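Shown next, in structure tokens, is the structure this report addresses.
FYI, side chains are in, hydrogens and waters are out, and symmetry mates aren't considered; it's all heavy atoms of this structure. Below, chain A is the first sequence line, B the second, and so on; all start at residue 1. Predicted, not measured: the structure shown is a model, and the values here were computed from it.
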Amino acid sequence: MHELALADSVLKAALSAADDAGMDRIDRIVVKIGELQQIERELFEFSLTTVLPAMDDRLAGVQFDLSEELVRFECRSCGTDYGRNDAGIEGDGDQDEAIHFIPELSHAFARCPSCGSPDFEIRAGRGITLERIEGSSEDDPG
Amino acid sequence: MHELALADSVLKAALSAADDAGMDRIDRIVVKIGELQQIERELFEFSLTTVLPAMDDRLAGVQFDLSEELVRFECRSCGTDYGRNDAGIEGDGDQDEAIHFIPELSHAFARCPSCGSPDFEIRAGRGITLERIEGSSEDDPG
Amino acid sequence: MIPGKSIDPRSFAIEDRLAGVSRIVGVSGSKGGVGRSIISSTLALALADQGKRVGLFDLDFTSPSDHVVLGVERGFPDEEFGIDPHFVHGIHMVSVAFFTGDTAVPLRGDAATNALLELLAITRWGDLDVLVLDMPPGLGDTNLDVIQLLPRLEFLLIGNGSKVVIDSVRRGLDLLTELDVPMIGLLENMHRGDERAVESLALAAGVPFLGSVPYDRDLEDALGDVDRLRASAVYSAVGDVLPA
Amino acid sequence: MIPGKSIDPRSFAIEDRLAGVSRIVGVSGSKGGVGRSIISSTLALALADQGKRVGLFDLDFTSPSDHVVLGVERGFPDEEFGIDPHFVHGIHMVSVAFFTGDTAVPLRGDAATNALLELLAITRWGDLDVLVLDMPPGLGDTNLDVIQLLPRLEFLLIGNGSKVVIDSVRRGLDLLTELDVPMIGLLENMHRGDERAVESLALAAGVPFLGSVPYDRDLEDALGDVDRLRASAVYSAVGDVLPA
Ligand SMILES: Nc1ncnc2c1ncn2[C@@H]1O[C@H](COP(=O)(O)OP(=O)(O)O)[C@@H](O)[C@H]1O
Ligand SMILES: Nc1ncnc2c1ncn2[C@@H]1O[C@H](COP(=O)(O)OP(=O)(O)O)[C@@H](O)[C@H]1O
Ligand SMILES: [Mg+2]
Ligand SMILES: [Mg+2]
Ligand SMILES: [Mg+2]
Ligand SMILES: [Mg+2]
Ligand code: NI
Ligand code: NI
Ligand SMILES: [Zn+2]
Ligand SMILES: [Zn+2]
């Protein structure tokens, strides 16, 4: 249920972006969910849509557009590009759980399938990013 | 005159790239020279064109295309984008000299003109990069 | 937001997560092994014993020590609306060692920055009088990150009288002074005999000298056992180090 | 080369620059303050005194110490076809402190990687029997970089009997063993009494135990003065630590 904290940060970031853009209402928030962190999508979505919007009027009619992004690890040692399933992370246990809280702890458990190195870049699919917001201001034409 | 060592590394990188591409002769080497390091361009060019090509036959008729790239520092603290002249580096002295050898030592001397932070990214214009090589192999048509 | 540029939402949550924390103290000093972890842990313990609400956050991700000093069992924190720090010996505590157990965590600087951001975004520290940050050595990513991310942070620097330590701490102190980072002062650790080098350094740098924690040859036996830590000379010395 | 992707030429020069170096020894150990710099510097000094051709490269960029231990004046190296290490007390030596004097060098990990690459690409070490690398603490960028960039590197790990040190060094040792990085062994520093924790750790991890360097209460007075260093208990202990 730490998904609520992640959802909360997304909405805070969205509201800040709305401020910057002079929006009075946010209609749509586009979020990318990285595979590595394995968030519980239902909890995350429930937090975004049901629990949190009450925090700000500008979120009253907001819609969410969530999409998932696969992990792409790139080995700094041999250059191999690999995915979560090839990284040797033990599923359904402590390793998964540690990475769920802090994706960088993959450096403790994940290894390059070609050379065994823990020295990789997480090129994509790490965690939650706010891709885009759409909205309007009172004095928008139309 | 440590410019010779930099020139040497450029040619070694070019020869390695030629190997990868199956080239028997390198005709053209395109190099970008970052402003930050303030290399002595004449020394560097002299090393590239006159001293070093003897190291490998494939460099016999090589031409060089050198261009300069301005420094772009980006402050991690306040986001300001600034150039070498705004970074407060003392010219013609020890600071310049230290940065000439190791561009990252700019973190000891350069400061963001807006907020004073030494915590910046060197976004461009750091040092020497090999942009491209052109060449041909014996069995090239024409 | 800039069209086409995605936003990392985590930093937007930090201020709120720390809203109930009155004071954030970064125990630092650029030289390794000067006793940041010992001081951070015993300071947190002493403040808790005084009835203060205290947090302890071990930011030396690749070489965490506070769980060893305080003898804390590993285990995942509770997860509810975020993560709740472990509550042990009266201290609210977070360490990557709780997540990884005995496993090594090789982390490049940018990964350490990400881990810090993540923990700041999800940890519910609640209401605290003091949050103590146990910093890693050096002048690298994590020390630069806390300066950037936590404008309310005050540094408490640790040094000792060894020439190599004085040389290193002086550099760090000069930098923090130049950057105008709030500084509680410089504390000497492992004080022996009539050594005055740390005091002189504080004087020369114009920062408060916070006194001396004695070298304690029995400290080693107390590590991992809070009752014995409470009886140590270090514990007695750190209790009143933080000016109000 | 991949069309449109520029190449950093520096790594292509490294092998040649180190071609005359017979052996590269990385003095490491993930805990700060265990004595890497003391051991690196006195080991280099002892080997030089034995007539070996020795290099000493201080890779703790944000907290360099070897120049303090050996009492070396700062000053730029000579520049001729590259840079020549300073030659002091029989040791060929490079440290960022030669370039920056007393100024602090805050460096994030990626900048430290760049500084390392640059120095490896331009330094002319010449013919050496041993090049000693004094590593920074932790399991961060520079330790990962040398593993990646210098396949011939052998690690010499330093630890001591303190619980916090044992905990940290065990993690690092496990990782290096898993990665099959060449390892000379584990050396105990600051040995006192009949402490055996470091020896036991080496045994448990299956790496050679290289013996114990005693805790030397007079060492501090010898720092910066090579003649006194040569008379120290540390110097006597490190002279035969490197197996042939
Ligand atoms: N006042 C003291 N007396 C005796 N030993 C100490 C004292 N402070 C620290 N130590 C010891 O010094 C070593 C380094 O301390 P530590 O807190 O881990 O340093 P740091 O966190 O700065 O790297 C540990 O073995 C610790 O037990
Ligand atoms: N064998 C020893 N006896 C006494 N003091 C030592 C010994 N080895 C190291 N020291 C002291 O311990 C401190 C840390 O040593 P240093 O070499 O700087 O550690 P590191 O490089 O691992 O951080 C220094 O003050 C040093 O003088
Ligand atoms: Mg990375
Ligand atoms: Mg950078
Ligand atoms: Mg510590
Ligand atoms: Mg050191
Ligand atoms: Ni969760
Ligand atoms: Ni030069
Ligand atoms: Zn690999
Ligand atoms: Zn700035």
Original post:
What option among D:D66, D:L173, D:V68 has the most heavy-atom pairs under 4.5 Å with chain C?
Top reply: D:V68
Original post:
Among C:G109, C:P64, C:P106, who wins on heavy-atom pairs under 4.5 Å with chain D?
Top reply: C:P106
Original post:
Is chain C contacted by the side chain of D:V105, its backbone, both, or neither, given a heavy-atom distance below 4.5 Å?
Top reply: backbone
Could you list the donor-acceptor pairs under 3.5 angstrom formed by side chains in residues 200-210 of chain C, with sequence neighbours left out?
{"from": "C:S200", "atom 1": "OG", "to": "C:R196", "atom 2": "O", "distance (Å)": "3.0"}

Original post:
At what distance, to the nearest 0.5 angstrom, does CG of C:L107 lie from CG of D:L139?
Top reply: 8.5 Å
Subject >> Interchain contact, D:R192 with chain C, by part (heavy-atom threshold 4.5 Å) >> reply: side chain
**OP:** Write down the atom of C:S63, the atom of D:S30, and the distance for their closest heavy-atom approach.
**Re:** OG-O, 3.7 Å
**OP:** Examine distances only and state if a side-chain atom of C:T62 and a backbone atom of D:G138 form a donor-acceptor pair shorter than 3.5 Å.
**Re:** no
Original post:
Which members of residues 94-103 of chain D, sorted by number, sit under 4.5 angstrom from chain C on a heavy-atom basis?
Top reply: D:A97, D:T100, D:G101, D:D102, D:T103
Original post:
Do D:S37 and C:K31 touch side chain to side chain, with heavy atoms closer than 4.5 Å?
Top reply: no
Subject >> Contacts with chain D made by residues 175-182 of chain C (heavy-atom distance under 4.5 Å), listed by residue number >> reply: C:L175
Original post:
Where on D:P136 is there a heavy atom nearer than 4.5 Å to chain C: the side chain, the backbone, both, or neither?
Top reply: neither
Original post:
Atom CD1 of D:I166 and atom CG of C:L223: how far apart are they, to the nearest 0.5 Å?
Top reply: 12.0 Å
Subject >> Close side-chain approach of C:K163 to D:V69, heavy-atom, < 4.5 Å >> reply: no
Subject >> Winner by heavy-atom pair count (cut-off under 4.5 Å) against chain D, out of C:S168, C:S162, C:G224 >> reply: C:S162
Original post:
By number, which residues in residues 141-150 of chain D have some heavy atom less than 4.5 Å away from chain C?
Top reply: D:D141, D:L144, D:D145, D:Q148
Original post:
Considering only heavy atoms from C-beta outward, does the side chain of C:R108 approach that of D:T113 to under 4.5 Å?
Top reply: yes
